[in-house]
Amino acid sequence: MRFNLKLALAASAAWSVFAGVAAAAPEATVEELVVTARRTEENLQSTPVAITAFSEKALERQGALAITDLQGAVPNMNLVQGRGSSNATNIYIRGVGQPDALQTFDPAVGVYVDDVYYSRIRGTQFDLLDLARVEVLRGPQGTLYGKNTIGGALKLVTQAPGQTVRSKASVSVGDYGLFEAKLGLSGPVSDTLALGLSAMGSTRDGYVTDPVNHRDYNDKNTVAVRGALAWTPTDAYRLDASVDYTHDKSAMTVGQPTSTLASAFGAVLQAFPAVPAEYKFQTVTTPTLPNSTRFEHWGASATQTYKVSDALTLKAITAYRGLSSDDYIDIDATAVKLGDVLVAPDQTQVSQEVQAAYTNGAWNVVGGVYYLREKVTSHQEAYADAFVAPFTFLRTIDDSLTTTSWAGYVNASYSVSDALRVSAGLRYTQDEKKYFRTTSTFSNFAALNGKFAFTAKESWDDVSPMVSVDYQANDDLFFYGRVAKGFKSGGFNGRANNPGEEQPYNPETVVSYEAGVKSQLFDRRVRANATVFYNDYQDFQARIGRAVTSPSQPIPSIDFAVLNAGQLEIYGAELELAANPIPGLSLNADVGYLHAEYGEFKEQRAASAPATGFITLDRAWQTPAFSPEWTARLAGSYEFDLGGKGYVTVGGQARYRSEMALAVDNANLTTRAKFPGMWQSSYWLYDAQIVWENADRSLSAGLYGKNLADEVYKTDAQEFSSVGGIRTAYYGAPRTWFVTVAYKY
């Protein structure tokens with residue numbers, strides 16, 4: 001009720017401002033957006049998909065420096081830095097996602113840059129460099145965007161070079177030693193050739209400190225460069241090519257321990273109160289663990305577009321990407337050597353898509369074939385001397401995963417009349433995965449030494465259909481209904497350390513039912529889009545941990561299993577409002593409601609000593625992770641015209657999230673009591689900015705403040721309670737500010 005009251009009061013106040021001036025105000029329409037959600041250019045308001053889009057101007061207006069700055073700006077979306085990583089992103093849309101950056105877990109929200117798919121969540125912690133727009137598609141997008149988009153798709157579209165000279169440079173400085181410089185240049189070399197170059201460097205001190213080892217954590221040290229080419233030798237042919245490189249050399253990303261840690265023999269390693277004190281962004285880690293993360297990401301792509309006729313266009317998208325990283329992670333976030341690990345993956349992917357777009361009369365058809373081959377090798381080390389003290393313990397893991405994916409798809413729309421359109425799509429996907437893994441343990445206690453290896457191969461295929469109907473009642477009112485299936489590939493347990501754990505887990509599927517209305521009101525000074533949806537989510541891939549003992553094995557056997565939870569039921573609604581009641585005044589309100597619960601979630605496990613055999617646990621009562629019931633944002637800005645002295649814009653936003661679980665295992669399986677560290681209670685975040693622009697808007701200077709109330713809030717969590725009780729929470733940044741000076745031509 002507290003949220004509903006606050007939201008109602010704020011929305012009422014914002015609408016009163018609009019209503020009081022709308023009738024007499026001169027026309028000031030909301031920004032019109034063109035998107036490519038269905039792989040062709042369409043107006044946002046006539047696209048039968050739940051989509052939120054951000055233009056370059058909108059991103060600048062809210063002071064977004066990185067993709068995670070969009071957290072809270074899209075209803076029912078969770079978009080935060082991944083647990084224990086400076087380069088992975090935890091993305092959930094409508095309660096569907098995958099937070100684990102381990103290379104064997106596929107994402108559930110597809111990430112695309114210029115229509116090139118990024119097959120891992122590692123490497124998606126993007127800085128916003130020279131972007132034209134960002135599009136967030138909610139719900140399954142299988143027919144046009146392929147596998148692993150059962151939750152939705154996140155699309156980044158970069159600025160393409162053209163025949164107009166364009167340049168932009170900016171410098172940002174702020175607290176915690178922030179310094180960031182960005183540069184974007186593009187323009188013609190000839191009548192047929194244009195080139196572009198963008199680059200950035202960003203450093204920031206860590207906002208988590210270690211008072212014992214005198215180290216900073218959770219900092220930033222990134223450089224990135226991108227080159228682009230656009231060649232149009234004829235009116236019928238265009239080549240867009242790009243190369244990019246990113247290098248990050250940051251300290252560890254460290255969280256806060258939230259539960260008492262114990263050895264395998266029950267000795268308390270570090271005690272924590274049942275109600276911990278407020279987090280002060282301080283943590284002491286193992287002093288021998290290197291405080292570093294090395295991350296490199298590079299790639300090249302070429303998109304060839306050939307206009308065969310006025311009706312038919314062919315497109316070929318060829319891409320290569322590579323990734324290499326050395327991540328040191330103190331999972332337990334203490335000085336105890338319990339969960340100290342090195343994760344060092346190397347990944348390459350090659351993809352090829354050939355697409356045909358046909359438009360003629362009432363027909364609009366997009367179809368094609370897609371190929372992806374990915375190889376990921378990884379070396380891991382885990383040090384846990386404290387777990388088996390007085391003995392030593394080191395586990396090394398070397399594995400290799402090769403994925404080959406083929407797909408064919410078609411999506412057709414037919415205009416029954418000027419107002420009524422019917423669309424249908426179908427995608428066939430075949431995935432094959434080959435996995436090799438070897439696990440070795442080393443200890444001065446001989447019983448702990450050993451080696452376990454296995455090789456596995458599995459393939460899956462899927463047919464994902466989509467049907468939608470839309471009706472353009474008039475120029476400003478659009479209705480649609482949509483049913484779509486999403487598919488996420490099966491896989492192998494990348495944490496299988498014991499015989500019996502290597503069994504593959506099944507793919508996930510979602511059947512989504514969605515209906516929406518998109519409208520423009522008051523002479524297009526208001527945009528109001530609303531959506532309702534229901535998701536039938538089958539075979540959710542849940543990673544859980546458990547420790548099993550027996551009379552012959554007093555030291556627990558740690559089992560990190562991946563289960564297919566039988567069924568999840570998810571339904572909800574979304575409302576997005578944008579209003580420009582008078583020139584210079586912009587108002588936004590976004591609200592998401594989400595209900596997520598397990599319909600079936602059973603786990604079979606070996607009984608702990610002295611019992612024998614197997615027991616079945618019913619987990620259906622648990623709360624799904626990253627599925628807050630309410631998300632909301634209220635935002636507004638006003639631009640003051642200073643005449644020849646330029647413009648000043650003052651703005652702010654308030655973002656709300658209700659209580660949310662941060663891990664699959666978030667409560668005691670016996671008592672059902674919540675683990676407080678695995679939950680985040682409801683909270684508000686407040687941001688504000690003031691920006692000056694000169695008269696021709698080529699020069700600007702802005703002061704931005706984030707989390708002005710200095711709210712302490714969790715964004716993610718690591719749950720490895722079967723290893724000594726590890727439950728570690730990760731937090732959002734405290735209050736920060738920065739100044740950005742930019743020049744564009």
Side-chain angles (χ1 to χ4, degrees), residues 22 27-53 55 133 135-145 153 155 157 235-236 305 307-315 355-368 409-427 465-485 512-533 573-580:
E27 185 173 350
T29 60
V30 295
E31 182 181 16
E32 184 174 311
L33 295 170
V34 174
V35 297
T36 55
R38 300 201 304 167
R39 309 298 285 270
T40 60
E41 291 190 351
E42 296 177 293
N43 189 292
L44 173 71
Q45 294 303 101
S46 299
T47 305
V49 176
I51 176 174
T52 303
S55 65
R133 68 181 180 277
E135 301 176 12
V136 181
L137 287 65
R138 303 189 294 278
Q141 305 298 325
T143 56
L144 287 174
Y145 289 93
K155 288 187 58 178
V157 181
D235 292 339
T305 305
K307 191 172 183 179
V308 180
S309 66
D310 290 341
L312 179 63
T313 300
L314 300 180
K315 183 181 288 187
Q355 181 188 108
Y358 176 78
T359 302
N360 189 13
W363 286 98
N364 190 313
V365 183
V366 177
Y409 64 91
V410 63
N411 199 90
S413 296
Y414 178 75
S415 296
V416 179
S417 67
D418 290 342
L420 181 64
R421 180 173 57 177
V422 178
S423 301
L426 195 69
R427 187 183 191 98
M466 184 281 300
V467 177
S468 72
V469 178
D470 59 76
Y471 181 72
Q472 190 79 54
N474 55 49
D475 289 344
D476 297 324
L477 187 60
F478 178 81
F479 298 92
Y480 76 93
R482 182 173 183 266
V483 180
K485 179 187 175 185
S512 174
Y513 305 85
E514 179 180 306
V517 56
K518 299 185 178 185
S519 63
Q520 299 176 109
L521 310 169
F522 302 103
D523 295 327
R524 300 196 174 185
R525 291 194 295 272
V526 175
R527 180 170 62 227
N529 296 342
T531 310
V532 294
F533 61 90
E574 295 150 352
L575 175 64
E576 297 177 282
L577 298 172
N580 283 17

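- A donor atom on one side chain and an acceptor atom on the other are found under 3.5 Å apart for N529 and Q45.
- The minimum heavy-atom distance linking R133 with V34 is given by the pair NE-O, 3.5 Å.
- Residues E576 and R138 are paired through a salt bridge, judged by an N-O separation under 4.0 Å between the basic side chain and the carboxylate.
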Next on the checklist: R38 vs I51, test: side chain to side chain contact (heavy atoms under 4.5 Å, CB included). Steps then yes/no.
Outcome noted: CA-CA 11 Å; R38 300 201 304 167; I51 176 174; over 6 Å; no
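- Contact between L144 and A37 at its shortest, heavy atoms only, is CD1-O, 4.3 Å.
- At distances below 3.5 Å, at least one donor-acceptor pair connects side-chain atoms of N474 with backbone N or O atoms of L477.
- By the 6.0 Å and 45° rule, R39 stacks over the aromatic ring of Y145.
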Next on the checklist: Run the side chain to side chain contact (heavy atoms under 4.5 Å, CB included) test on D235 and K307 for me, step by step, so that the C-alpha distance in whole Å, both residues' side-chain angles and the decisive distance to 0.1 Å come before the verdict.
Outcome noted: CA-CA 8 Å; D235 292 339; K307 191 172 183 179; over 6 Å; no
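- Taking each heavy atom of V30 and A578 in turn, the nearest pair found is CG1-O, 3.6 Å.
- Between the side chains of Y409 and N411, no donor-acceptor pair of N or O atoms lies under 3.5 Å.
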Item to check | Derivation and outcome, side chain to side chain contact (heavy atoms under 4.5 Å, CB included), residues Q472 and D475 | outcome: CA-CA 7 Å; Q472 190 79 54; D475 289 344; 5.7 Å; no
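- If you take OG on S46 and NZ on K518, they are separated by 8.0 Å, rounding to the nearest 0.5 Å.
- Side-chain N or O atoms of K155 include none that pairs as donor or acceptor with a backbone N or O of V35 at under 3.5 Å.
- In this structure, OG on S309 lies 9.0 Å from CG on L314, to the nearest 0.5 angstrom.
- Judged by distance alone, the side chains of T531 and R482 never bring a donor and an acceptor atom under 3.5 Å apart.
- E514 approaches V49 most closely through the heavy-atom pair OE2-C, 4.1 Å.
- The residue from V483, L420, V416 that alone fulfils the side chain to side chain contact (heavy atoms under 4.5 Å, CB included) condition with V469 is L420.
- Here E42 pairs with R421 in a salt bridge; the nearest charged N to carboxylate O distance falls below 4.0 Å.
- Using modelled atom types, no side-chain atom of S423 and backbone atom of S468 make a donor-acceptor pair closer than 3.5 Å.
- Note that the CG atom of L44 and the CZ atom of F478 stand 10.0 Å from one another [nearest 0.5 Å].
- The two atoms that bring A573 and F533 nearest to each other are N-CE2, 3.7 Å, heavy atoms only.
- Only one option out of N580, T29, D476 pairs with R524 in a side-chain hydrogen bond (donor to acceptor under 3.5 Å, both in side chains); it is D476.
- Rounding to the nearest 0.5 angstrom, the gap separating the CD atom in Q141 from the OG atom in S512 is 9.0 Å.
- Side-chain atoms of T47 come within 3.5 Å of backbone atoms of N43 as a donor-acceptor pair (strictly under, hydrogens ignored).
- The minimum heavy-atom distance between F479 and A473, with the atom names listed, is CE1-CB, 4.1 Å.
- To the nearest 0.5 Å, the span separating OG1 on T143 from CZ on R427 amounts to 8.0 Å.
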